[in-house]
Amino acid sequence: MRHLLDTRTLAREDALRILDVAEDMRDTQSREIKKLPTLRGKTVVNLFFEDSTRTRISFEAAAKRLSADVINFSAKGSSVSKGESLQDTAQTLQAMGADAVVIRHGASGAPHTLATSGWISAGVLNAGDGTHEHPTQALLDAFTIRKRFFGDDSRGRDLSGLHVAIVGDILHSRVARSNVWLLTTLGARVTLVAPPTLVPQDVSAWPVTVVYDLDQAIADAPDAVMMLRIQLERMSAAYFPTEREYSRRWGLDAARMAALPTDSIVMHPGPMNRGLEISADAADSPRSTVLEQVANGVSVRMAALYLLLAGERSTNHAQEEAR
Ligand code: NCD
């Protein structure tokens, strides 16, 4: 793998390979000494043009646990036009000898531009681009689902037979898009649930079912319910009448939790708007995987960095190092 730009074009085998290596990485994370020497001498640059807490910290932890050097570059607030600033920044990073660039950018397609521009030779990992994709988030979500339903050693398994409902602000969500492609590639059935105003126009071409009523979706007994943050910062108009009305119709609360099958899980990529798309009892319930998702994110990003940077060395090598 040269780059990780999206899940739409990620083959099933490559997705499973990342998840399986992430299992090996996770095994190393319960040790007292969590650091592996694998990426010693490599430089990973975190290039963040948009705000982030958990994703940036997660990539930083992942790179450091593999012994890479990490440079954090927060480019927010730059006044140069996007194309120019990206090129200049990329060439600067190239001159500094970056081996991998983890990029988050407000413009959909920026990581792809970086990877194909010829400005740099580093591997590019998309950490969220506009409303387009957020592949490592979907991978950590798939990893979390696989672990909850198939147990500790689920290597080689896909998500066939599972049904995931993705609920809320689909329109602005790169997490939803990456999950739609990845989860369906892995054999899961996906239902999108949202008010009509928050469903993207091109959704008819997606391999999903769309419903507008959360109670109807819950009655269909999904194995996982993935709640999305209402992205007020990306909204220039009113997409729903009031927050109260939104939470009454599309929020996950105790009553809706009780209507779900007892073994179904509740997911959220964070940051959560508690009381809006998810109530505190739902977020803090034992069926919530919110913190598992964060923990698994480090293992999945270790796997992605390893597969990009340790080159053609085999998966067995990761397993050996994990022992
Ligand atoms: C998501 C993002 O930035 O796309 N958050 C994340 O990466 N943990 C989702 C969001 O911001 O709502």
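Numbering of ligands and ligand atoms starts at 1, following listing order.
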Can you check whether Y212's main-chain N or O pairs, donor with acceptor, with Q216's side chain at less than 3.5 Å? no
Counting only N and O atoms by type, is there a donor-acceptor contact under 3.5 Å from the side chain of T92 to the main-chain atoms of D88? yes
Is the charged tip of R301 near the ring of F59: under 6.0 Å from the six-membered ring centre and within 45° of its axis? yes
Within a radius of less than 6.0 Å around CD of Q201, do more than 12 heavy atoms belonging to other residues, nucleotides or ligands occur? no
Around atom CZ of R244, are there more than 12 heavy atoms from other residues, nucleotides or ligands closer than 6.0 Å? no
Using distance alone, with no hydrogens and no angle criterion, decide if T55 and R104 have a side-chain donor and acceptor under 3.5 Å apart. yes
Using a 4.0 Å cut-off on heavy atoms, what residues surround ligand 1? Order them by chain and number. R54, T55, R104, H134, Q137, R174, V175, R229, Q231, P269, G270, P271
